[in-house]
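This report refers to the structure that appears directly beneath it.
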Amino acid sequence: MNDVLDQLAEVLEARKNADPDSSYVAKLYAKGLDAILKKVGEEATETVMAAKDGESDKLVYEIADLWFHTLVLLAHQGLGPRPVLAELERRFGLSGLTEKASRPD
Ligand SMILES: N=c1c2ncn([C@@H]3O[C@H](COP(=O)(O)OP(=O)(O)OP(=O)(O)O)[C@@H](O)[C@H]3O)c2ncn1[C@@H]1O[C@H](COP(=O)(O)O)[C@@H](O)[C@H]1O
């Protein structure tokens with residue numbers, strides 16, 4: 001799974017040098033941070049609506065749009081998916097320790 005994120009992150013990085021007329025991502029970078037944030041907000045709203053509708057296919061599609069646009073945001077801010085994955089791993093490690101600590105012998 002991380003391979004897909006890493007490969008997509010590489011493409012998003014390369015799009016920083018692409019012609020905005022040739023690429024959706026390059027066009028979004030050219031519009032700037034506010035345009036990227038607007039897309040993240042729109043995709044989050046569409047995710048909520050899909051969940052409320054109870055359509056699992058649509059929910060998956062909208063979450064893919066949401067994740068994609070958060071990756072564009074990370075790239076724009078000079079970050080990639082790795083720090084986010086590391087933070088999730090750190091939290092998972094913490095919760096794993098908590099579970100072990102609270103489990104009776
Ligand atoms: N994963 C995606 C991806 N997911 C969603 N989108 C685009 O995100 C937009 C989603 O916005 P909406 O649903 O609101 O649709 P829309 O009305 O067309 O959006 P707007 O044009 O109004 O912003 C659509 O235009 C989708 O095409 C994506 N565009 C690109 N990618 C990946 O990014 C790579 C680079 O893309 P390009 O920059 O286009 O080459 C591609 O190879 C893909 O792997």
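Under the 4.5 Å side-chain criterion, counting only non-hydrogen atoms from C-beta, L33 is in contact with H76. Side chains of F68 and V25 form a contact here, defined as non-hydrogen atoms less than 4.5 Å apart.
The backbone N or O of L12 lies less than 3.5 Å from a partner atom in the side chain of Y29, making a donor-acceptor pair. Of the possible polar contacts, one joining the D19 side chain to the D21 backbone as a donor-acceptor pair under 3.5 Å is found. Put simply, the side chain of T70 gets close to the backbone of W67: a donor and an acceptor are under 3.5 Å apart.
A salt bridge links D6 to R82: at least one charged side-chain nitrogen sits closer than 4.0 Å to a carboxylate oxygen.
Taking CE from M49 and CG from D53, the interatomic distance works out to 7.0 Å, rounded to the nearest 0.5 Å. The line from CD of E43 to CD1 of I63 is 11.5 Å long, rounded to the nearest 0.5 Å. Rounded to the nearest 0.5 Å, atoms CG (D3) and CG (L8) are 12.0 Å apart. With rounding to the nearest 0.5 Å, the separation of OG1 in T47 from NZ in K58 is 9.0 Å. R15 contributes atom CZ, which lies 12.5 Å from atom CG of L28 (distance to the nearest 0.5 angstrom). To the nearest 0.5 Å, atoms OH (Y61) and CD (E55) are separated by 13.0 Å.
When all heavy atoms are compared, the tightest approach of A18 to A26 is O-CB, 3.7 Å.
Taking a 6.0 Å sphere around CG of D57, one finds it holds 12 or fewer heavy atoms contributed by other residues, nucleotides or ligands. Other residues, nucleotides and ligands place no more than 12 heavy atoms under 6.0 Å from the CG atom of D34. Surrounding NZ of K16 are more than 12 heavy atoms belonging to other residues, nucleotides or ligands, all under 6.0 Å away.
A single hydrophobic cluster is not seen to contain both L66 and V48; linkage of ILVMFWY side chains at heavy-atom distances under 4.5 Å, directly or through other members, places them apart. Under a hydrophobic-cluster definition in which Ile, Leu, Val, Met, Phe, Trp and Tyr are linked whenever side-chain heavy atoms come within less than 4.5 Å, directly or via other members, Y24 and L74 are assigned to the same cluster. A continuous path of hydrophobic side-chain contacts links L79 to L85 [ILVMFWY only; heavy atoms under 4.5 Å].
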